[in-house]
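Counting starts at 1 for both ligands and their atoms, in listed order.
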Amino acid sequence: METKRFDMTDTLGPQKELEDKIEAAADILRSGGLLAIPTETVYGLGANGLDAKAVGRIFEAKGRPQDNPLILHVPGPQWLARYCTDVPPLAYVLAKRFWPGPLTMILKRKSVVPDVTTAGLDTVGVRCPDHQVTLAIIRAAGVPVAAPSANTSGRPSCTCAADVLEDMDGKIEGVVDGGPCSVGVESTILDLTCNPPRLLRPGGLPLEELESVVGAIAVDKAVVSLLSEGEKPRAPGMKYRHYAPKAPVTVVTGRPDRSAREIVHRMGPDAGVICFDEFADLFAGHTVRKLGSWKDKATQAQRVFDALRAFDGTSVTEIYAQCPDSRGLGLAIGNRLKKAAGFHVIDADQEQIVIGFTGGSGAGKTCALRVLEQLGGKVLDCDAVYYEMLQKDEGLRRAIRDVFGEVFALDGTLDRQKLGKLVFGNEHKLDQLNQIIFHYVPQELQRRMAAEPAPLYGLDAINLIEGGLGRLCDRTVAVTTPQELRVRRIMERDGISEEYARLRIGAQKPDGFYRDNCDCVLENTASTAQEFEMEARTFLERLIEDIKEEKQDVGRK
Ligand code: TXA
Ligand code: MG
């Protein structure tokens, strides 16, 4: 199908021409076609909301799950009573104050609205968009326009006609180009069928403005966190991992200088960054999208979807995003970023200290980590996390399968022999396996540290350096021991011969490797474990002090 493009960016030109275009666009809607329309928030993919067949085509074109209802777009409050029943006076108060504008109200529906439009719910979302061209088209069509955002399901919403064409060209009858969207994030959704009214989605109209009229408003859990399996959000669309670019996203909240520093600290060589203008210089050499000044949330809202879209088609393998605080439009911007990240969020204000420990066996790593625990720290055993992920993490398992074929047994466990045979002696294959592991494991470690925030974390990893885990750490510590001591210790600890102990040590990286690549060295020459524990304690206490001081310095700057 050829998608017709109506350029209506110039509303001051010849009026007859404009009227003809409006008429032609309205005709598409009247005759059951699909028409992408500009609004002040994002572009919508519209159809006659009373025509079940036309509405069905919206779901097809977007690949949208059938259980996700659509919003009806109307030219003003006078249409409310046509499609809604039991409309409370508050709805008219809000419409008078905020329409046309980025507010969607959920109200009881009348039966003229077909089931497909509301996904079978007994309520319907209604809004009056603030866009002259679209309002004129709706009036000319004489029907309410059901319109979700015009993106393919799961992709970031479209904020200009070119984005719409990227997703919908050839699938719909027409696109109305009304210029870039002035707000940039979708409408705020308020459920008026419950008491107190409930915010189902933060959007272009700040919560504070609504509260100033409504009073108390409940905030749905889906707005601020990832729902657990089986939990249902009241706006069905909020359960989907929306707005997602192809590379995984990590959102960093907190004071802008701190979040910027946190990103510098964590990012790998192929990281892309979404940041406030003031901090862009810190990320030179990376693919960067600027959101606008950290003080200018209106600009950030306009740019957030564009920023999320921009990384697809680049070689970026992970994305970090600075996040505004949640006041005003910040709640909606942060919600879109966090949804793109699957709510993978790190708070830079929270002064979490992460220390990575590495070193060969018998050097004293376990002992040092025990001391860290005594100092109140939590320890993550990176090997153990990796083996758990092999069992459960679908992303990692899929990535391994894609390269190595079916190496998982019927009961889901990894067939180590099979995989071992494939990588053993094949440097390229081993490299491929490592790349997969080094991509997935750090993400999972970050997720765990964010999910269970503690002031002090220790990462226990023999391949801390090779695995790129150093970027998660404030400091990396090499625990080393002179070779002769190590030989004796392993012999005693594991009850093995001297020859075998030497063989094992010989198979590991030499101490020099850890020494050269870590931030600091904890040398274990003590004659007893107790003695080493005391030395390790002094060492770690001092190290933690240093890190704290450094963090405060950054805070002051
Ligand atoms: O700004 C906007 O609202 C844009 C423009 C095009 O108007 N539209 C938009 O539509 O964002 P969409 O379909 O992408 O998001 C609509 C959201 C979904 O999360 C959906 O589940 C929710 O509104 N929704 C629609 N009807 C609902 C209802 N009756 N009850 C609860 N949630 C509803
Ligand atoms: Mg949408």
For [Y], is there an ion pair with [X] - N to carboxylate O distance below 4.0 angstrom?
| X | Y | value |
| --- | --- | --- |
| D220 | R198 | yes |
| R327 | E208 | no |
| E278 | K295 | no |
| R447 | E444 | yes |
| K108 | D86 | no |
| D167 | R155 | yes |
| R5 | E173 | no |
| R397 | D393 | no |

inquiry  = Heavy atoms only: which of C128, P65, P69 lies closest to atom 27 (C) of ligand 1?
reply    = P69

Just checking [X]: does its [atom1] atom have more than 12 heavy atoms from other residues, nucleotides or ligands closer to it than 6.0 angstrom?
| X | atom1 | answer |
| --- | --- | --- |
| E2 | CD | no |
| K96 | NZ | no |
| R266 | CZ | yes |

If the cut-off is 4.0 Å to any non-hydrogen atom of [X], which atoms of ligand 1 fall inside it?
| X | answer |
| --- | --- |
| I189 | 17 (C), 22 (C), 23 (O) |
| R234 | 31 (C), 32 (N) |
| V124 | 29 (N) |
| S187 | 1 (O), 2 (C), 3 (O) |
| L121 | 28 (C), 29 (N), 30 (N) |
| G44 | 6 (C) |
| H73 | 5 (C), 6 (C), 7 (O) |

Consider ligand 1: state whether an atom of it lies below 4.0 angstrom from any non-hydrogen atom of [X].
| X | result |
| --- | --- |
| T118 | no |
| P129 | no |
| R109 | no |

Is any N or O atom of [X], backbone or side chain, closer than 3.5 Å to an N or O atom of ligand 1?
| X | result |
| --- | --- |
| A235 | no |
| T123 | yes |
| S149 | yes |
| R64 | yes |
| T41 | yes |

task = Verify the distance test for S149 against the Mg ion (ligand 2): any N/O/S atom under 2.8 Å, yes or no.
result =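 S149 does place an N, O or S atom closer than 2.8 Å to the Mg ion (ligand 2).
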
key: Residue that, paired with V185, satisfies side-chain contact (heavy atoms from CB on, under 4.5 Å) out of T41, N335, V304   =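 Answer after filtering T41, N335, V304: V304.
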
ask   = Does ligand 1 have a heavy atom under 4.0 Å from the side chain of I37, from its backbone, from both, or from neither?
value = neither

key: Side chain, backbone, both or neither: N68 near ligand 1, heavy atoms under 4.0 Å   = side chain

